[in-house]
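Read the structure below first, then the notes.
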There are 2 protein chains.
Amino acid sequence: MAKSAVTIVDIARELGISKTTVSDALIGSGRVSEATRQKTLLVAQRMGYVSNRAARLLRRSQTGALGLYIPGHVRNLSFYMEFAFGAADESALHDLDLTLIGRGVGSKRRSGPPQVDGLIAVDPLDGDPVLESLLGSDLPVVTVGRILDETQSHPLAVIEIDHYSMATALLEALRAAGGRRPVLLASDEKFSSSYTVDVSRAYADWCSGSGIEPVVIPLSVTPTDQELTATVQRIAAQNDVDALVSVAQGLAGRAAPVLQSMGRRLGKDFHLGSLVGDPATELRNPLIHAVDLRPREFGHEAVNFMREIISGQASETGRRNHRATLTAG
Amino acid sequence: MAKSAVTIVDIARELGISKTTVSDALIGSGRVSEATRQKTLLVAQRMGYVSNRAARLLRRSQTGALGLYIPGHVRNLSFYMEFAFGAADESALHDLDLTLIGRGVGSKRRSGPPQVDGLIAVDPLDGDPVLESLLGSDLPVVTVGRILDETQSHPLAVIEIDHYSMATALLEALRAAGGRRPVLLASDEKFSSSYTVDVSRAYADWCSGSGIEPVVIPLSVTPTDQELTATVQRIAAQNDVDALVSVAQGLAGRAAPVLQSMGRRLGKDFHLGSLVGDPATELRNPLIHAVDLRPREFGHEAVNFMREIISGQASETGRRNHRATLTAG
DNA sequence: TTGAAAGCGCTACCAC
DNA sequence: GTGGTAGCGCTTTCAA
């Protein structure tokens, strides 16, 4: 608890100057002479001075924290975890705290919106009560992916990946490898975000552009092995199907052994694509074409976008893109 | 940006009383009459009052936030994600923020330890620089799992699962199902926590108590499919082996199709156990015996333990257990 | 049972 | 180029 008891007043006394000057020297406002500035910094360091965050924030009326909201249903997908810690790291780098917002926020006991300077909401889903309660505050918000609800009135900034292009590129890569008849393993209706909309559209457009009949198979984002196996077997049983593209993270990787046990040779007569490459099972598997969303960097960028919004450098309703990559496959 | 501009002064003016009284009423110090207290609470709520965290901190040297640290190498295991959000929910319930601590904390730019009232460190690993820097502050710390380093001098509270008993129970369950010769799929040395130590010991003891030769195969916690497949095939090729117990989350689930492709019939002539049941692939698979760590509830309990420590109800060096369960298998 | 006032450490706004 | 002073919103004495 013992905060470093040394304050700017102590430094001022030590140097025989005023605390105002010390403050200016420390901040680097350029008001003080370089000589006193250096002297002050030296003494500050020697005395082990650490700026009291609470006091600074109280003065500046900021909280020094960003809020991160991740919807519940998808939390065991590592993308979100990676994103979260990317965001935490970048926040820490800029002396911001990153506050995890659980579903408790919408509840009764909570005394109001979380104490943050801005909110980052990942994969915002229409009708999510926590999200709505968050949007009710007048904090700046960056959503990672778009909110689909047109009637949404809160000003929002959006950072997203061009999933349409990535999905198209993935389908092209699969075709180049020999996969001419890909089936889309889509998410079920419970998880309908701008991401799923974009990749579905990309798939539909690509199919129609290629004169191919689209086949979309819905599946839970976190299916049991039984569900997944049954679905994959059903798909692969169709003789003309020679490729499978998964919308949800990790399902291509889990489908691989199922297909192999059916005698399919991956990379030869059957091709797998993952639109959200799982780090361990898909991105590092040369037999799977996967999109690397670079979630950690994504987290960095979301935080920096928010920082720019807070500081007024970026618009509260700005749009920004994050670049994903395609593994060699 | 517009913080809820309403302060205790506003409330005081509204009610025609002093801000001291408002403060006392809100805090519930028992100094004011119940009548004014109720009135004050009502008005505060109506005006949308939210206590300013910075001001409170400046005055009381408390932050109203807890810090959560999760080491980097294991973050794509859903256990940690579930734990984190369990902690976030429980924190929110008690009007605390939960701050994610990234590796940025140990870095130079950061102006000191994170602004929290206490730290929860999950699976603390010896020699982790971030952890060390965290322990350097004199905040109360709850570790989830023990720190193995004996020389650690910082007073620590520990909450953990009795992994020894759970592992033993799992081995017994496998034996009851017919698995008499289990191999332990252990983590490699990079991930050596009290958890891995405990389950290794349980395995060794169980084997020696059963007159069975222990076989421990090290593997990365997040192996590629190739690594996992090769390892599992090598293990299963030994004719006397009829069971596999995985130390890392999800590996039993991923091993299942490998074994099936080798002709093993799960639950009949081969048995799988997971010491950290993965929600989607293992806990819901009746062919796999799995330990459910109940990570969400674990997060709740860690937070509540910390709350008790902060409030002085629990010792700073206390020990506490969290109950895990075994799936039917 | 309530109020007045001090002051946490800092930065912004004045003066000099 | 530097210093004095006010005050951010809150809790905590000390008085009434």
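Convention: sequence-line order gives letters A, B, ...; per-chain numbering from 1. Not measured: the values here are computed from a predicted model. Just the heavy atoms: all of them, side chains too, but no hydrogens, waters or symmetry mates, feed the values below.
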Can you tell which of D/dT2, C/dT11, D/dT11 lies closest to the side chain of A/Val32? D/dT2
Does a side-chain N or O of B/Thr36 approach OP1 or OP2 of C/dT2 to a distance below 4.0 Å, or not? yes
Just the rounded figure in Å: distance from P of C/dA12 to CG of A/Leu58. 13 Å
Could you tell me whether the phosphate oxygens of D/dG3, OP1 or OP2, come under 4.0 Å of any side-chain nitrogen or oxygen in A/Thr21? yes
Nearest-Å distance, CD1 (B/Ile27) to P (C/dT2)? 15 Å
Distance check needed: C/dG9 C1' versus B/Arg56 CZ, whole Å only. 18 Å
Rounded to whole Å, the CZ-P distance (A/Arg59 to D/dC10) equals 15 Å
With the side chain defined as heavy atoms from C-beta on, B/Ser23 is closest, among D/dC10, D/dT2, D/dT11, to D/dT11
Reported CG-to-CG distance for the pair A/Leu100 and B/Leu66, which is rounded to 0.5 angstrom: 11.5 Å
Starting at CZ of A/Arg60 and ending at P of C/dA12, how long is that distance when rounded to a whole Å? 6 Å
Whole-Å gap separating C1' (D/dT11) and CG (B/Asn52): 13 Å
Heavy atoms from C-beta onward define the side chain here; which of C/dC8, D/dT12, D/dC10 lies closest to that of B/Asp24? D/dT12
Heavy-atom pair with the smallest gap, counting every atom of B/Glu301 and B/Asn321: OE1-O, 3.7 Å
Between B/Glu34 and B/Lys39, is there a side-chain N and carboxylate O pair less than 4.0 Å apart? no
Look at the side chain of B/Thr20 against the base of C/dA5 and say whether a donor-acceptor pair falls under 3.5 Å; ignore hydrogens and angles. yes
Could you state the atom-to-atom distance from CZ of A/Arg53 to C1' of C/dT11 in whole Å? 16 Å
Nearest-nucleotide comparison on DNA chain D, the residue closer to the 5′ end among A/Glu34 and A/Lys19: A/Glu34
Using only side-chain N and O atoms of A/Thr7, determine if any of them is under 4.0 Å from OP1 or OP2 of C/dG9. no
Quick check: does any side chain N or O of B/Asp126 sit under 3.5 Å from a backbone N or O of B/Asp149, one acting as donor and the other as acceptor? yes
Does the pair A/Arg323/A/Asp162 count as a salt bridge with the N-to-O cut at 4.0 Å? no
So does A/Ser33 get a side-chain nitrogen or oxygen closer than 4.0 Å to the phosphate oxygens (OP1/OP2) of D/dT2? yes
Check every strand shown and say whether A/Ile17 touches a base, only sugar-phosphate, or nothing at a heavy-atom separation below 4.0 Å. sugar-phosphate
Mind calculating the distance between CG (B/Leu15) and P (C/dT2) to the nearest angstrom? 11 Å
